[in-house]
Colleague: 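Sharing a structure below in structure tokens format, with a few things to ask.
In each ligand, atom 1 is the first atom listed, and ligand 1 is the first ligand listed.
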Amino acid sequence: MGDLALSVKNLSVFYGEKEAVKSVSLDFEEKQVTALIGPSGCGKSTFLRSLNRMNDLIADARIQGEAWIGDRNILEPGVDVVLLRQQIGMVWQRPNPFHKSIYENIAFGPRYHGIKNKKKLDEIVEQSLRKAALWDETKDRLKQSALALSGGQQQRLCIARSIAVQPRIILMDEPASALDPVSTSKIEELISELKRDYCIVIVTHNMHQAARISDKTAFFYMGKLIEHDDTQKIFTEPKEKATDDYISGRFG
Ligand SMILES: Nc1ncnc2c1ncn2[C@@H]1O[C@H](COP(=O)(O)OP(=O)(O)OP(=O)(O)O)[C@@H](O)[C@H]1O
């Protein structure tokens, strides 16, 4: 087994009385892609959002359990969520660039975290755009609004923005589901490149996508983690009947 990036223990999430995620324990390794799959409403996004404390923003959401990065439980009350979100980045279903230039979208995070030197910021912008396979398309228009980019380019910009603050883990909630097939395959190629450096956790409804890009797959059903294993095993010889039924399209 490789190095652990994040270890989740008995994580439960409640919305009021409703338990949307039920005592899930799951480990994520460095330099691996884990796909979270399961039918609509099974708690995948809720689980994902808990990992960088985005659920803190929902008034009646309550979390129990632990999530460890090294010797730190990131779900403890005293954790600085701004620093946490630097370590654990998030890419949403719909690209959400800031209403700023391409350059400023990338430079914003590093500047916020204290980098003021223009040359250093230029370097970070270039490196982040290169890593997100967007440099060639944007290097001559860095001052232009990010909103003038296509949807697929905007999503790669959002990935570049999360890389710019040097995270360890990148969470992605159906990052390609709003994109056309060409943009989708670019995002998939990009994810395969990025896993050399990062731990990636991706929610996807697309079974083929999960099979293509992930090393591990976790199947959720009605808030519970039913099965977690090598992606190849989940898709060829799942242990649980519910997993088999879901991946062969019998429900969901
Ligand atoms: N902000 C919220 N307030 C109350 N209930 C919520 C909230 N967000 C999600 N839920 C409920 O929690 C459960 C899990 O939802 P969640 O969005 O995590 O599932 P999901 O597996 O990601 O679904 P989908 O694939 O449709 O996005 C659902 O029953 C949903 O209705």
Side-chain angles (χ1 to χ4, degrees), residues 6 8-28 33-67 74-75 81 84-85 88-96 151 155 158-159 162 169-179 181 183-184 187-188 191 199-214 216-229 231 234-235 238 240-252:
L6 178 67
V8 176
K9 306 235 182 274
N10 302 318
L11 180 76
S12 298
V13 185
F14 299 83
Y15 295 111
E17 294 297 303
K18 183 187 164 64
E19 191 174 7
V21 172
K22 298 175 181 169
S23 196
V24 170
S25 296
L26 197 48
D27 286 343
F28 300 97
V33 178
T34 300
L36 309 183
I37 63 167
S40 191
C42 69
K44 308 176 296 289
S45 298
T46 298
F47 176 79
L48 192 78
R49 284 198 305 263
S50 305
L51 302 182
N52 76 343
R53 304 274 299 262
M54 291 306 287
N55 276 357
D56 289 13
L57 305 172
I58 300 173
D60 66 345
R62 186 163 55 82
I63 300 185
Q64 280 175 5
E66 298 164 9
I74 59 171
L75 299 183
V81 292
L84 174 68
R85 290 176 194 148
I88 307 185
M90 181 97 186
V91 176
W92 301 90
Q93 182 173 10
R94 300 211 166 265
N96 59 351
Q155 195 61 309
C158 292
I159 292 172
S162 69
I169 300 167
I170 306 176
L171 311 175
M172 299 186 176
D173 197 349
E174 299 188 54
S177 66
L179 306 177
S183 303
T184 297
I187 296 284
E188 290 185 7
I191 290 170
C199 164
I200 296 175
V201 186
I202 176 171
V203 167
T204 179
H205 276 281
N206 183 332
M207 294 298 120
H208 297 293
Q209 182 171 74
R212 275 194 299 267
I213 63 171
S214 69
K216 302 273 181 186
T217 295
F219 171 62
F220 283 66
Y221 184 51
M222 295 176 77
K224 289 191 183 148
L225 173 64
I226 305 296
E227 191 167 350
H228 172 233
D229 211 330
T231 294
I234 293 278
F235 283 95
E240 302 296 328
K241 183 171 182 307
T243 316
D244 196 14
D245 286 349
Y246 182 68
I247 59 171
S248 44
R250 284 194 280 275
F251 74 91

Colleague: Could you grab the distance from atom CE of M90 to atom CZ of R85, nearest 0.5 Å is fine?
Modeller: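 It comes to 10.0 Å.
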Colleague: Quick check on contacts: which atoms of ligand 1 are under 4.0 angstrom from a heavy atom of H205?
Modeller: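 Taking each heavy atom of H205 in turn, ligand 1 has 24 (P), 25 (O) under 4.0 Å.
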Colleague: Please list, in number order, the atoms of ligand 1 under 4.0 Å from a heavy atom of P39.
Modeller: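 Per the distance check, 21 (O).
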Colleague: Would you say the side chains of N55 and R49 form a donor-acceptor pair under 3.5 Å?
Modeller: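 There is such a pair between these side chains.
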Colleague: Sort out for me which residue in V201, I159, L48 forms a side-chain contact (heavy atoms from CB on, under 4.5 Å) with M172.
Modeller: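 One option only clears the test, and that one is I159.
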Colleague: I need the nearest protein heavy-atom contact for atom 29 (O) of ligand 1: residue, atom name and distance, please.
Modeller: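 For atom 29 (O) of ligand 1, the nearest protein heavy atom comes out as K18 CE, 3.0 Å.
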Colleague: Find all atoms of ligand 1 within a distance of less than 4.0 Å from any non-hydrogen atom belonging to A20, and give their numbers and elements.
Modeller: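 So the answer, numbered in order with elements, is 12 (O), 13 (C).
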Colleague: In the protein, what heavy atom is nearest to atom 27 (O) of ligand 1, and what distance, to one decimal place, separates them?
Modeller: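 Atom 27 (O) of ligand 1 sits closest to the protein heavy atom S45 OG, 3.8 Å.
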Colleague: Would you say C42 has any N or O atom under 3.5 Å from an N or O of ligand 1, going by distance alone?
Modeller: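 Yes; at least one N/O pair falls below 3.5 Å.
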Colleague: Tell me, yes or no, whether the heavy-atom count around K22 atom NZ, taken from other residues, nucleotides or ligands under 6.0 Å, exceeds 12.
Modeller: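 Yes.
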Colleague: Protein heavy atom under 4.0 angstrom of atom 31 (O) of ligand 1, is there one?
Modeller: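 So far as the 4.0 Å threshold goes, atom 31 (O) of ligand 1 is out of reach of every protein heavy atom.
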Colleague: Who's the nearest protein heavy-atom neighbour of atom 9 (C) of ligand 1, and how far?
Modeller: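 That would be Y15 CE1, 3.5 Å.
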Colleague: For T204 and A210, which heavy atoms make the closest approach, and how far apart are they?
Modeller: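 Where T204 meets A210 most closely, the heavy atoms are CG2-CB, 3.8 Å.
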Colleague: Which heavy atom of the protein is the closest neighbour of atom 19 (O) of ligand 1, given with residue, atom name and distance?
Modeller: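 Minimum-distance protein heavy atom for atom 19 (O) of ligand 1 reads G43 N, 3.2 Å.
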Colleague: Any N or O of S40 that comes nearer than 3.5 Å to an N or O of ligand 1?
Modeller: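 Looking only at distances, the answer is yes, because the N/O contact criterion of under 3.5 Å is met.
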Colleague: Kindly compute the distance separating OH (Y246) from CD1 (I37), expressed to the nearest 0.5 Å.
Modeller: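 Answer rounded to 0.5 Å: 6.0 Å.
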Colleague: Out of T46, N55, L48, V203, whose heavy atom sits nearest atom 15 (O) of ligand 1?
Modeller: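 When every heavy atom of T46, N55, L48, V203 is considered, T46 comes closest to atom 15 (O) of ligand 1.
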Colleague: Side chain of S25, backbone of N10: donor and acceptor closer than 3.5 Å?
Modeller: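 Indeed, once roles are kept as given, a pair shorter than 3.5 Å links the two residues.
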Colleague: Closest heavy-atom contact between R53 and I74?
Modeller: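 Scanning both residues completely, I find the closest heavy atoms to be NH1-O, 2.8 Å.
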Colleague: For ligand 1, does A61 get within less than 4.0 Å through its side chain, its backbone, both, or neither, judged by non-hydrogen atoms?
Modeller: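 Under 4.0 Å from ligand 1, A61 contributes no heavy atoms.
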Colleague: Are any side-chain N or O atoms of S214 and backbone N or O atoms of V33, one a donor and one an acceptor, separated by less than 3.5 Å?
Modeller: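 No: the side chain of S214 does not pair with the backbone of V33.
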Colleague: Evaluate G41 for polar contact with ligand 1, using N/O atom pairs at a separation under 3.5 Å.
Modeller: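 N/O-N/O distance under 3.5 Å: yes.
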Colleague: Quick one: does G16 get within less than 4.0 Å of ligand 1, heavy atoms only?
Modeller: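 Contact check G16 vs ligand 1: negative.
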Colleague: Any nitrogen or oxygen of G38 lying under 3.5 Å from a nitrogen or oxygen in ligand 1? Just yes or no.
Modeller: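 No, since none of the N or O atoms of G38 sits under 3.5 Å from an N or O of ligand 1.
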Colleague: Which heavy atom of F28 sits nearest a heavy atom of L51, and at what distance?
Modeller: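 Nearest pair, atom of F28 first, then L51: CE1-CD1, 4.2 Å.
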